[in-house]
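One structure is given below, encoded as structure tokens.
Given the structure is predicted, the values throughout are model-derived calculations rather than measurements.
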Amino acid sequence: MPSYTVTVATGSQWFAGTDDYIYLSLVGSAGCSEKHLLDKPFYNDFERGAVDSYDVTVDEELGEIQLVKIEKRKYWLHDDWYLKYITLKTPYGDYIEFPCYRWITGEGEIVLRDGRAKLACDDQIHILKQHRRKELETRQKQYRWMEWNPGFPLSIDAKCHKDLPRDIQFDSEKGVDFVLNYSRAMENLFINRFMHMFQSSWSDFADFEKIFVKISNTISERVMNHWQEDLMFGYQFLNGCNPVLIRRCTKLPKKLPVTTEMVECSLERQLTLQQEVKQGNIFIVDFELLDGIDANKTDPCTLQFLAAPICLLYKNLANKIVPIAIQLNQIPGDENPIFLPSDAKYDWLLAKIWVRSSDFHVHQTITHLLRTHLVSEVFGIALYRQLPAVHPIFKLLVAHVRFTIAINTKAREQLICEYGLFDKANATGGGGHVQMVQRAMQDLTYTSLCFPEAIKARGMDSAEDIPNYFYRDDGLLVWEAIKTFTAEVVGIYYESDQVVAEDQELQDFVNDVYVYGMRGKKTSGFPKSIKTREKLSEYLTVVIFTASAQHAAVNFGQYDWCSWIPNAPPTMRAPPPTAKGVVTIEQIVDTLPDRGRSCWHLGAVWALSQFQENELFLGMYPEEHFIEKPVKEAMARFRKNLDTIVSVIAERNKKKKLPYYYLSPDRIPNSVAI
């Protein structure tokens with residue numbers, strides 16, 4: 001009688017083990033086995049982190065093993081089980097791997113195929129085609145699209161974290177409780193005594209130090225010491241946590257009537273402003289998106305205000321970017337003066353603070369929330385709905401959507417919902433953030449997610465012309481490493497462009513993203529289908545880069561750049577000045593956030609800047625969904641390329657007072673999970 005050795009690996013996360021009864025059946029080309037109870041006498045099977053082996057004897061020859069069926073039946077209470085993989089040793093000495101990496105809940109069962117990645121066209125056997133179809137039918141019932149707000153990318157149909165399919169939930173929901181984490185952050189920072197002091201102003205800039213944690217030689221301390229300087233202000237548009245807005249100015253906008261006479265004391269080349277524009281030395285950041293957005297009115301005791309500034313910047317002879325003119329609203333006029341570095345000290349400082357506050361709002365809601373979190377969720381939902389676990393693209397991308405749907409669901413539950421935490425400290429809370437996303441959807445295009453194209457579109461691509469733009473330099477290195485890797489994987493499984501075009505599951509995935517994520521907008525430029533291997537490689541690079549590198553670049557520097565409140569005020573408590581020569585230090589301090597809002601803001605940027613426990617960084621694939629040697633070799637080359645980039649960045653940073661490390665691959669998590 002043929003005998004098989006079955007090895008079963010249980011996950012090592014909390015509560016992964018089970019005491020339930022586990023049954024196994026084998027399905028082969030020549031027949032099916034009986035159901036076998038996997039149980040050893042006087043032994044605690046399927047403990048967390050365990051790898052257990054069992055001998056399974058069958059009555060007759062089964063032929064080539066095609067499927068393994070696992071059933072879980074209640075022992076005492078329902079006890080969920082996380083199955084990593086099963087390995088089968090056949091009577092002929094062959095080993096077959098069956099990756100799983102899923103939870104089995106309730107009186108559940110799971111049917112596994114062996115780990116070889118297969119396109120639909122590779123499956124000729126009826127039972128395998130049927131398995132593929134059933135898996136997608138089940139998933140499409142579990143992963144449903146929902147409109148959270150009109151005009152938003154569609155998201156998962158779940159009101160709260162516990163409504164999600166178990167496979168995409170966090171291992172411990174407590175770890176991602178925003179209320180708990182923000183409160184804990186305020187305790188860790190020793191600022192919780194201020195957290196209820198709303199409407200209570202700080203006495204001066206130095207007073208903000210009461211909630212500022214000084215950690216020697218960090219970026220945040222350097223920001224505190226230099227935030228008022230024009231060089232620090234300009235540098236942040238290149239390498240702060242929102243380095244995506246600055247663009248080369250090719251023509252001065254009519255709505256900003258700035259003249260050479262106004263700014264000539266800032267120009268260093270003895271040229272007119274128009275000549276400086278022609279030479280490519282003028283840059284612009286326009287916060288037009290904020291024009292007309294409703295300010296937060298959730299606290300009747302505190303009026304809050306927004307502006308929509310336009311900031312003109314100049315590349316000086318030292319190749320540094322500095323501000324030379326700021327207009328605080330979009331329509332020019334007597335009550336909307338253009339502030340200049342030659343103005344009174346506090347006039348110019350308050351104008352810069354307004355720009356920094358506006359930058360904070362666009363960063364949080366558009367650069368961070370919309371363009372990394374919500375976009376990555378769209379890719380994740382489409383992936384689960386349209387690609388079976390055996391598909392090579394599912395195997396490639398699943399690590400890059402890990403916990404993304406869960407973190408976004410938690411955010412909708414606690415953070416960006418009505419009366420959520422976002423309303424506590426932010427001037428765009430109370431609905432303004434929703435209006436911003438609805439507007440920004442018009443500019444969310446496929447090419448704007450292609451990193452090299454996005455840099456080029458802003459005229460920021462020349463490293464010789466614009467040195468020290470480390471976000472660009474490091475981002476291009478990581479983009480190329482990812483693209484090389486995805487091209488290798490595509491080459492392994494798609495032997496021609498025709499195979500790509502005929503892969504219906506892939507086309508359904510791409511179409512789901514376009515129809516539901518981008519709401520079917522042709523202007524988004526998102527493809528409805530993909531016809532070539534090259535375009536598929538680019539698309540996969542967009543998915544991985546957005547979830548990993550782009551999110552890391554705009555998320556993990558938040559404490560560095562935003563913890564010194566005057567450098568990134570989350571709200572302003574007085575309207576923008578309408579005249580010059582009237583601003584005082586007292587007026588600035590009364591405009592900045594009060595003590596309570598400052599504390600909630602600080603708790604938020606601290607919590608958001610922390611890596612997850614057991615974080616998985618770019619290039620790490622501990623879940624072995626792929627078993628084939630060529631892909632494993634491609635992964636090894638990918639990791640080697642990433643290690644080289646780590647070394648290049650570390651070497652450059654040795655010489656920098658302000659190191660830039662957000663795009664060092666050893667600091668880039670695989671997915672959006674915080």
Side-chain angles (χ1 to χ4, degrees), residues 205 208-209 212-246 283 285 311 313-324 341 349 352-353 355-357 359-360 362-364 367-368 451 455 458 460 462-478 549-569 602 605-606 608-611 645-668:
F205 292 143
F208 281 97
E209 289 191 47
F212 185 77
V213 180
K214 282 191 187 177
I215 307 165
S216 185
N217 297 323
T218 60
I219 291 173
S220 54
E221 188 172 359
R222 195 165 179 83
V223 171
M224 181 189 76
N225 292 327
H226 299 279
W227 71 281
Q228 297 187 43
E229 298 167 14
D230 288 353
L231 282 172
M232 177 62 87
F233 178 90
Y235 178 87
Q236 292 179 72
F237 285 117
L238 296 177
N239 299 312
C241 57
N242 196 24
V244 301
L245 297 185
I246 188 169
F283 298 83
V285 180
C311 180
L313 300 116
Y314 176 62
K315 184 183 73 170
N316 64 20
L317 287 172
N319 280 325
K320 306 290 187 190
I321 303 287
V322 292
I324 58 171
L349 182 59
K352 289 192 292 180
I353 290 172
V355 172
R356 293 294 312 132
S357 183
D359 189 67
F360 174 80
V362 172
H363 165 259
Q364 284 291 16
T367 308
H368 183 209
F451 189 80
I455 295 288
R458 293 188 287 113
M460 301 295 290
S462 171
E464 188 181 347
D465 204 21
I466 310 163
N468 304 315
Y469 191 12
F470 308 126
Y471 164 73
R472 171 202 60 207
D473 300 341
D474 299 354
L476 288 170
L477 291 175
V478 175
Q550 187 59 28
H551 180 255
V554 303
N555 181 71
F556 293 103
Q558 290 188 74
Y559 187 77
D560 289 346
W561 296 102
C562 304
S563 58
W564 180 246
I565 307 291
N567 189 58
L602 202 56
V605 297
W606 170 271
L608 290 169
S609 299
Q610 306 307 305
F611 293 122
I645 296 170
V646 170
S647 301
V648 168
I649 293 172
E651 190 59 34
R652 178 200 66 211
N653 283 341
K654 279 181 190 173
K655 305 162 193 160
K656 302 292 175 190
K657 288 179 183 172
L658 266 177
Y660 185 84
Y661 43 70
Y662 309 116
L663 282 170
S664 183
D666 58 344
R667 288 171 172 258
I668 299 176

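Asn567 pairs with exactly one of Gln236, Met224, Gln228 by the side chain to side chain contact (heavy atoms under 4.5 Å, CB included) rule, that one being Gln236.
Note that CD1 of Ile645 and CD1 of Ile668 are 8.0 Å apart. Values are rounded to the nearest 0.5 Å. With rounding to the nearest 0.5 angstrom, the CD1 atom of Ile324 is 11.0 Å from the CZ atom of Phe283.
Every residue two or more places apart in sequence or in another chain that forms a salt bridge (charged side-chain N to carboxylate O under 4.0 Å, His left out) with Lys654 is listed here: Glu651. Legend: residues meeting ring pair (Phe, Tyr, Trp, His ring centres under 6.0 Å) with Phe451, ordered by chain and number and at least two apart, are Tyr471, Phe545. Taking Arg652 as the reference, Asp474 meet the salt bridge (charged side-chain N to carboxylate O under 4.0 Å, His left out) condition, with sequence neighbours excluded. Taking the side-chain hydrogen bond (donor to acceptor under 3.5 Å, both in side chains) definition, one finds that Ser609 meets it with nothing, sequence neighbours left out. Among residues two or more places apart in sequence or in another chain, the side-chain contact (heavy atoms from CB on, under 4.5 Å) test is passed with Asn555 by His368, His551, Gln558, Leu608, Ile674. For Pro323, the side-chain contact (heavy atoms from CB on, under 4.5 Å) partners at least two apart in sequence or on another chain are Asp230, Phe233, Cys311, Leu313, Trp348, Lys352. The salt bridge (charged side-chain N to carboxylate O under 4.0 Å, His left out) test applied to Arg356 returns Asp359, not counting sequence neighbours. Residues passing the side-chain contact (heavy atoms from CB on, under 4.5 Å) test with Val646 are Ser664, Pro665, Asp666, sequence neighbours excluded. Applying the side-chain hydrogen bond (donor to acceptor under 3.5 Å, both in side chains) criterion to Arg667, with sequence neighbours excluded, gives no partner residue. Applying the side-chain contact (heavy atoms from CB on, under 4.5 Å) rule to Asn225 yields the partners Glu221; only residues at least two apart in sequence or on another chain are considered.
Considering every non-hydrogen atom in both Lys657 and Arg222, the closest pair reads CD-NH2, 3.5 Å. Minimum heavy-atom separation, Ala549 to Leu663: O-CD2, 3.3 Å. The minimum heavy-atom distance between Val244 and Gln550, with the atom names listed, is CG1-NE2, 3.8 Å. Ile246 and Ile321 get closest at one heavy-atom pair: CD1-CG2, 4.1 Å.
Annotation: salt bridge (charged side-chain N to carboxylate O under 4.0 Å, His left out) contacts involving residues 313-322, sequence neighbours excluded, comprise Lys315-Asp465. Residue pairs meeting the salt bridge (charged side-chain N to carboxylate O under 4.0 Å, His left out) criterion with at least one member in residues 231-245: none, sequence neighbours excluded.
For the pair Tyr559 and Thr218, the minimum side-chain heavy-atom distance is 4.5 Å or more. Side-chain contact between Trp227 and Leu349 is present, with at least one heavy-atom pair separated by less than 4.5 Å. Put simply, the side chain of Pro243 does not reach to within 4.5 Å of the side chain of Leu238, judged on heavy atoms. In this structure, Val362 and Leu245 have side chains that are in contact, with non-hydrogen atoms separated by less than 4.5 Å.
Between His363 and Phe360, the ring planes are tilted. Angles from 30° to 60° get that label.
Between the side chains of Asp473 and Tyr660, no donor N or O sits under 3.5 Å from an acceptor N or O.
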Handout entry: side chain to side chain contact (heavy atoms under 4.5 Å, CB included) between Ile219 and Leu658, worked out
Key = CA-CA 6 Å; Ile219 291 173; Leu658 266 177; 3.9 Å; yes
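Aromatic rings from Tyr661 and Phe470 are positioned such that their centres are separated by 6.0 Å or more.
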